[in-house]
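Here's the structure, in structure tokens; my notes come after.
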Amino acid sequence: MPVNLNFFSPVEQIKNAIFDEHGVEVFIKRDDLIHPFISGNKWRKLKYILREAQAKNKTHLVTFGGAYANHLLATAAAAAKFGFKATGIVRGEQVFNDTLFLCSMHGMQLLFTNRDSYRDKAGLFTKHFGDDTTAFFVDEGGACEEGARGCSELITELSETYDDIICAGGTGTTGAGIINGILKHQLNTRMHIIPVLKNGEFLRPGIDKYLAGPAEYHLHTAYHFGGYAKVTPALVEFIKQFTSSTGIMLEPVYTGKMMYALFNLIEKGHFKKGSRILAVHTGGLLGILGMKERFNFTG
Ligand SMILES: *Cc1c(COP(=O)(O)O)cnc(C)c1O
């Protein structure tokens with residue numbers, strides 16, 4: 001089956017008094033609407049990875065992730081849709097949460113491995129699937145050249161230009177792809193990436209290795225909220241407030257931090273008056289199901 005999704009990812013304007021006060025306009029690219037499970041940037045990354053697998057006659061995707069990884073679920077759902085078998089090698093002891101339940105629903109085989117052996121992904125692949133000539137290695141998070149290529153297409157879809165684009169960064173592949181799109185279309189757009197992990201400067205080499213040419217971009221490293229998948233009461237409040245006032249859902253691991261950062265940077269006067277800013281909603285909304293108790297709803 002040809003690897004293609006006919007998807008819908010519109011750009012919508014978001015209104016807020018803070019934006020008016022600072023003279024900026026904010027828009028959001030709704031990659032969360034692409035597909036419920038092959039979500040957001042994970043579809044963009046998987047597109048060329050799956051095409052490459054197909055071109056090499058590989059029918060079994062083997063990939064890696066933590067027990068809540070959006071990438072595992074996206075791979076499971078994409079594998080099911082496009083006729084691949086899939087194995088997910090999961091970091092840590094055996095658990096069964098909402099994400100892994102949905103992976104299993106899509107037919108993904110799960111293989112749990114301790115944190116030590118998880119570090120050597122190539123070794124794990126060879127150990128378990130070295131004899132399987134149909135097996136195809138897909139790195140954690142879909143981080144690779146093909147992944148960045150898929151993400152660059154986000155720019156091609158835009159019918160207007162923006163002064164600034166902002167997205168969350170885990171590996172930085174999505175940000176790098178978008179920068180490549182900006183370069184390709186020779187736009188003057190400034191790119192802002194919000195690392196969701198601590199010490200976010202470490203992302204730079206991961207981004208730079210995928211760039212098609214020299215490019216400047218801004219890494220705003222102060223919005224990790226304590227580290228990967230960590231939250232604070234202020235972040236939780238912000239996400240509740242944003243979701244209930246816009247009807248656009250955010251989750252705490254990536255998009256919540258990105259949007260919090262955007263509001264905070266606007267309030268600090270980081271953007272010139274008259275700026276048109278595009279925030280990328282990278283999807284991954286089911287991740288919130290693993291963090292329900294942090295939201296303090298009494299039901
Ligand atoms: C995986 C993911 C990211 C991080 O993407 P990278 O390309 O690794 O930087 C951002 N947002 C969401 C919702 C994700 O699931």
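Numbering of ligands and ligand atoms starts at 1, following listing order.
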Cationic tip of [X] within the cone over [Y]'s six-membered ring, i.e. under 6.0 Å and within 45° of the normal?
X: R276; Y: F271; result: no
X: K273; Y: F19; result: no
X: K240; Y: F297; result: yes

Nearest-contact summary for [atom] - protein heavy atom, Å:
atom: atom 3 (C) of ligand 1; answer: N41 ND2, 3.3 Å
atom: atom 10 (C) of ligand 1; answer: Y254 CD2, 3.3 Å
atom: atom 13 (C) of ligand 1; answer: G283 O, 3.1 Å

Item to check | Polar contact flag, side-chain donor to acceptor under 3.5 angstrom, Y118-E140 | outcome: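 Note: Y118 and E140 side chains meet the donor-acceptor criterion.
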
Item to check | Modelled atom types, side-chain donor and acceptor of D31 and T282, under 3.5 Å | outcome: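 Absent: no donor and acceptor within the cut-off.
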
Checklist entry - At a non-hydrogen distance cut-off of under 4.0 Å, which region of K45 contacts ligand 1 (side chain, backbone, both, or neither)? => result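 The part of K45 near ligand 1 is the side chain, not the backbone.
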
Item to check | V196 contact mode with ligand 1 (heavy-atom cut-off under 4.0 Å) | outcome: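 It is neither; nothing of V196 touches ligand 1.
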
Item to check | Any N or O of N70 closer than 3.5 Å to N or O of ligand 1 | outcome: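 Between N70 and ligand 1, an N or O pair is found under 3.5 Å apart.
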
Checklist entry - Has ligand 1 got any nitrogen or oxygen that is less than 3.5 angstrom from a nitrogen or oxygen of T282? => result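 Yes.
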
Checklist entry - Is R190 salt-bridged to D163, cutoff N-O under 4.0 Å? => result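 The answer is no: the pair does not qualify as a salt bridge.
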
Item to check | Check ion pair D98-K292 (N to O, under 4.0 angstrom) | outcome: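 K292 and D98: salt-bridged.
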
Which of the atoms in ligand 1, numbered in the order shown and given with their element, are less than 4.0 Å from a heavy-atom of [X]?
X: T171; value: 6 (P), 7 (O), 8 (O), 9 (O)
X: K42; value: 1 (C), 2 (C), 3 (C), 14 (C), 15 (O)
X: G172; value: 6 (P), 8 (O), 9 (O)
X: G169; value: 9 (O)

Next on the checklist: Please tell me whether H60 and F129 form a close aromatic pair, meaning their ring centres lie under 6.0 Å apart.
Outcome noted: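 Distance test on ring centres: under 6.0 Å, yes.
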
